[in-house]
Amino acid sequence: MANLPKIYDPQQIEGKWYQFWEENRYFHAEAISNKPSYTIVIPPPNITGILHIGHALDNTLQDCLSRWHRMNGFNVLWLPGTDHAGIVTELIMERKLAEEGTSRKEIGRDEFINRMWEWKSESAGYIVSQLQQLGCSCDWERERFTLDEGLSKAVKTAFVKLYDQGLIYQDTYMVNWCPQCDTAVSNLEVEPIEIDGNFYHIKYPVVDSDIKLEIATTRPETMLGDTAVAVHPEDKRHQHLIGKTVCLPLTNREVPIISDTYVDMEFGTGALKVTPAHDVNDYEIGLRHDLEQRVVFTSDGYMNEDAGQEYSGLTRFDCRKKVVEDLDKLDYLVKIVPHPHAVGHHDRCGTIVEPTISPQWFMNVKPLAQRAIEATNNGDVVFIPERETTRFLHWMENIEPWPISRQRWWGHRLPIWFCNACNESTAAMDTPDTCECGATDFCQEEDVLDTWFSSGLWPFSTMGWPDKTDELDTFYPTSVLVTGWDILFFWVARMIMFGLACTDEVPFKTVYLHGLVADEKGQKMSKSKGNAIDPLETIEKYGTDAFRFALVNTSTPIPYVPLPESQIESGRRFTNKIWNAARFLLMNLEKYPKPIESNNTLDENTLEVNWIKSRLAKTINSSTEALKNFRFHELAQILYAFLWHEFCDWYLEFVKQRLTQNQPYALWIAADVLEQTMRLLHPVMPFLTEEIWQQLTIDGKENNDSIESSITIAEWPNSDAEDNQVEETMDTLMTVIDNVRSIRGELNVPNGASIDIHIQSPDPIIRNRLELYLKQYLPAFTRVNDIIIDETLPKPKASAEAVIGELAIYIPLEGVIDLDEEKARLTKRYQQIAKDINAAQKTLENPQFVERAPENVVQQKKDLVDRLSIEQDKLERSLAMLDVSSS
RNA sequence: GGGCGGGUAGCUCAGGUGGCUAGAGCGACAGCUUUACACGCUGUAGGUCACAGGUUCAAGUCCUGUCCCGCCUACCA
């Protein structure tokens, strides 16, 4: 045990513990339990995906919550699983097929689906093992997949239920169409991207007149589908043209000039070309005026025959070029003005979406949204951070029908059945027996559902809904959903709406939305930007615990959290520091074994022991508070500061000092404190803490049944050992030690040199404390000869000085001290104090302050001025003396 | 156009409901093989809290305005 390596090697430690946890089923939740439940369902990652930095953060936080609750005695279910991620997964498969020289259409639906399942079974393990590598304490016995039988049944059930309520219907409407993926997509999947476009001004000659009506458009190629030109009814410039027609250039078609208040007189030329089949607004105008919907694009982004012979077969983009050239040639083009504007791109493949009229299945989500709004306002569901509530409500209030059908194959086929005889459609779990018309021959709708439909059911479909199961009873509604704020509308909103619609309950009480991991420049990390950190490489290089610590430590409640490499390095140093602290204790525990039986014969009430107990108690309490409030970064910082700067920097030095005197009690307490601190840190750093915890408790476990077999189920610490009196005493000592060190450092006293220390203090209590403790502790921090403490002491010749309130420290440094340096040091301190006193006095001189501020605040200020004034006086006198001796 | 978040040390960020002499990590500088750790130890430097007003006894914190940066959202062709 004593030959632990000097440098912590995570690879030696991490693997074995995950296996140990799995074998002992520590992460398994019981469907029937008398413990209180705590449930998280994982936001399911893509089955064929790999772990990226966003997953790493999201799942680390979920693991922190899960592990913390497990230690608090909850029946914790963290339910893992994956999503079939329809469109994006198919895209990748299509790319594979293209490489093989075939295509999905060529191999057909059945074969395509076969290939998808094959690929799924090949790659399904990746993300799971990566989550395990990250340390995630999921209940793998309950892993789910959105296309599993049970979840598919849930999808069908929900669909039929909503269909029967009239909330799901088929309609022909203008939707966002992706020509690349050959499917409709919802607004949410369309990303508007600003591009440097142009405004093309085009003349449309008015029939039977010399007038040319000038229109402006960003998409000149759509003119081939124009079926009207619209002007505002009150537009004086164009009023007289209403009712006439224009001759559409390049087509020789005549289209009417109509009036519609939608037209903005101020914008462009005040005349709007109307393409009802290819623009949402034009579509609406078209409906109002009963215009022809002239389709000129094919579904995969080419021009069709109706675009005209010249253009048919061109891509959308080539067509635009040609149309502009032709217009120019024929003198219809007035000008091209640069006009940056946002254009919708499909977020999965980056293709510019094409608004297209097509028959789709829609879900009327308004009534469901209404319930979600009520639940939010009632506080049935709470968003953290709070600001997300406004965003959520705003989106819910303006929600539009959701197009749920996708012209794809990988997913849940809509449970809609068409009668082959009368073509009536109906929704049902299985093929219906007979149609109302008497026929018995049906075919199922070809389309599949949007993936978000099945993920929306995830919090309860994973637990067996619609069946009444023990799991639903025990774990549903779940406790909290943890995800990035960018997923609020995709997952969270749908889960809440579906939860209310299907189970009459909000699926989770709390939604915690964390930030997105960014690089140093605040840019969101993403593969496409090339600025992403690969979690697995990072884990290999720094260790899982270091990586997790960095993630937790940086996850402040801001929208984009930068994760510079230096943060991860800092995490690694921290793991190494902990490792070495443990190593130090374990090595010394071999020499001074901790007695199994606790006994009180020893002098246990030493200051340092009471101090570290008090500090630990405060650390425990503030850690618990931080976790309760989802303030993960606070937890990380509290534990880092305690472990490094209190436990290691101070307490272990006290321990060393005790050991030189053969007093091992402080050491045994150190082991105790570290053991408890490992428990506090375990949710963040599962592997290292388990390793150290096991080593620290190994002797105890053989003799004490109350010690658990693993830190994962060890009790979350609590303590009431806070003692401000003790901390204050220790503060005095630390301040003295700090000042002595500071003098040595600043005046370049050689390390080897022993020094004398004279302390003058009028306060008998302070003198007493210093007498008692300083002589014990100081040697641990600095080489010291003699310590003299008295009520009044003359300042020795050629000595350095530090003043702490009414206490003065003199260090005779004959022959070492440079008087000018000392003078500069004291002057600097003097000036700083003068400034502080000045500011505080100003406040005190204000009668209003004394009158209105709370008494304790006034008193604090007074005390401050008193203390600083004494220091100032002392410094003044010392400086005067220095002047005398140096002149 | 509307909304949200941010501007605090060289860099990245903390600073719930106003009140200790504004903090941390990283970096910089100086010095250390002090018997756990050089992935370490000790010390030091570094801030007009974006700007301008206001409220208050008291503002990094609250209010108003301005200027930057980022994001979300919206049918101005």
Side-chain angles (χ1 to χ4, degrees), chain A residues 4 6-8 192 199 215-219 222 230 262-264 266-269 271-275 279-282 284 339 341-342 385 387-388 390-391 394-395 398 485-486 488 516 518 520 522-524 542 546 553-554 556-567 569-570 572-588 629 631 633-634 637 640-641 645 648-649 652-653 656 659-660 738 741-746 748 750-752 780-783 832-833 835-837 839-840 843 846-854 856-858 860-861 863-864 868:
Chain A
L4 292 170
K6 268 171 89 160
I7 292 187
Y8 172 58
F199 234 169
I215 59 94
T217 179
T218 54
R219 301 195 60 194
T222 62
Y262 168 76
V263 179
D264 182 347
E266 309 292 315
F267 192 80
T269 62
L272 172 70
K273 66 188 268 310
V274 183
T275 324
D279 180 279
V280 184
N281 299 305
D282 294 8
E284 298 287 345
H339 180 70
H341 60 285
R387 67 177 120 86
E388 300 293 343
T390 332
R391 240 179 96 230
H394 181 256
W395 191 76
N398 296 291
W485 56 263
D486 56 333
L488 179 61
L516 311 180
E520 297 88 333
Q523 296 271 312
K524 179 185 170 182
Y542 298 99
N553 195 27
T554 51
T556 60
I558 55 173
Y560 289 89
V561 286
L563 183 68
E565 189 119 3
S566 62
Q567 277 289 344
E569 272 168 29
S570 170
R572 177 177 57 182
R573 286 201 205 100
F574 188 38
T575 54
N576 192 55
K577 186 74 178 175
I578 297 167
W579 176 255
N580 273 287
R583 189 166 152 255
F584 171 75
L585 294 186
L586 291 167
M587 288 192 312
N588 281 293
N629 295 304
R631 300 173 77 88
H633 68 290
E634 236 173 61
Q637 271 163 28
Y640 184 96
H645 296 305
C648 290
D649 286 353
L652 290 188
E653 296 305 318
K656 287 179 190 169
L659 290 179
T660 62
D738 277 340
R741 280 170 155 181
S742 188
I743 287 173
R744 285 194 76 130
E746 283 184 65
N748 298 317
N751 267 39
F781 298 95
T782 192
R783 272 176 208 244
Q832 200 189 324
I833 287 176
K835 208 180 93 197
D836 292 341
I837 290 183
T843 313
N846 184 343
Q848 311 243 50
F849 170 73
V850 183
E851 206 175 295
R852 295 195 197 177
N856 65 319
V857 174
V858 177
Q860 268 172 16
K861 271 284 184 243
D863 291 349
L864 177 69
L868 291 179

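Reckoned from all heavy atoms, side chains included, excluding hydrogens, waters and symmetry mates. The shown structure was predicted, so the numbers you read here are calculated from the model rather than taken from an experiment. Residue numbers start from 1 in every chain, and the chains themselves are labelled A, B, ... in the order their sequence lines are given, proteins ahead of strands.
The C1' atoms of B/U44 and B/A52 are separated by 36 Å, rounded to the nearest whole Å. When the C1' atom is compared between B/G27 and B/U34, the two are found 26 Å apart, to the nearest whole Å. Rounded to the nearest Å, the gap between the P atom of B/C26 and that of B/G65 is 41 Å. Rounded to whole Å, the separation between the C1' atoms of B/C68 and B/G23 comes to 26 Å. On the C1' atoms, B/G7 is 12 Å away from B/G60, given to the nearest whole Å.
Between A/His341 and B/G1 there is no side-chain polar atom (N or O) within less than 4.0 angstrom of OP1 or OP2. The side chain of A/Lys6 contributes no N or O atom lying less than 4.0 Å from OP1 or OP2 of B/C39. Contact annotation: A/Arg631 side-chain N/O to B/G15 OP1/OP2 distance is under 4.0 Å. The shortest distance between the side-chain N/O atoms of A/His339 and the OP1/OP2 oxygens of B/A77 is below 4.0 Å.
Side-chain atoms of A/Thr275 and A/Lys273 form a donor-acceptor pair, as typed in the model, at a separation below 3.5 Å.
Between A/Phe574 and A/Tyr640, the angle of the ring planes lies from 30° to 60°, which puts this pair in the tilted group.
For A/Asn576, the listed nucleotide lying nearest its side chain is B/C37; candidates were B/G70, B/C37, B/U44. Set against B/A77, B/C13, B/C41, the side chain of A/Phe267 has B/A77 as its closest nucleotide. Comparing B/C13, B/C72, B/C26 by their closest approach to the side chain of A/Ser570 singles out B/C26. Nearest nucleotide to the A/Phe584 side chain, out of B/G25, B/C4, B/A36: B/A36. Which of B/C37, B/A77, B/G27 sits closest to the side chain of A/Arg573 comes down to B/G27. Distances from the side chain of A/Lys656 to the nucleotides B/U21, B/A36, B/C41 place B/A36 closest. Here the nucleotide nearest the side chain of A/Pro562, chosen from B/A77, B/C13, B/U21, is B/C13. Side-chain atoms of A/Ser742 lie closest to B/U44 of the nucleotides B/C37, B/U44, B/G19. Comparing atom distances between the A/Arg741 side chain and each of B/C13, B/A36, B/G43 picks out B/G43 as nearest. Counting only heavy atoms from C-beta on, A/His645 has its side chain closest to B/G25 among B/G25, B/C75, B/U42.
Between the side chain of A/Tyr262 and the base of B/C75 there is at least one donor-acceptor pair of N/O atoms closer than 3.5 Å.
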For RNA chain B, what dot-bracket results from Watson-Crick or G-U pairs at under 3.5 Å, with [ ] for crossers and | for inter-strand partners?
((((((((.[[[[.)...(...]]]].(((((.......))))).....[[[[[..)....]]]]])))))))....
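We find that CD of A/Gln567 is positioned 11 Å from C1' of B/C11, with the value rounded to whole Å.
No side-chain heavy atom of A/Thr843 sits less than 4.5 Å from a side-chain heavy atom of A/Asn846.
At most 12 non-hydrogen atoms from other residues, nucleotides or ligands lie less than 6.0 angstrom from NE2 of A/His394.
Cation-pi geometry between A/Lys656 and A/Phe584 is satisfied (NZ or CZ under 6.0 Å from the ring centre, within 45° of the ring normal).
Across all strands, A/Asn846 comes closer than 4.0 Å only to sugar-phosphate atoms, never to a base (heavy-atom distances).
Put simply, the side chain of A/Arg744 gets close to the backbone of A/Arg783: a donor and an acceptor are under 3.5 Å apart. Formation of a donor-acceptor pair under 3.5 Å by the A/Arg583 side chain with backbone atoms of A/Leu4 is found in this model.
Remark: A/Arg391 engages A/Glu388 in a salt bridge, criterion side-chain N to carboxylate O under 4.0 Å.
Residue-to-nucleotide proximity on RNA chain B shows that, of A/Tyr640 and A/Cys648, the 5′-proximal contact is made by A/Tyr640.
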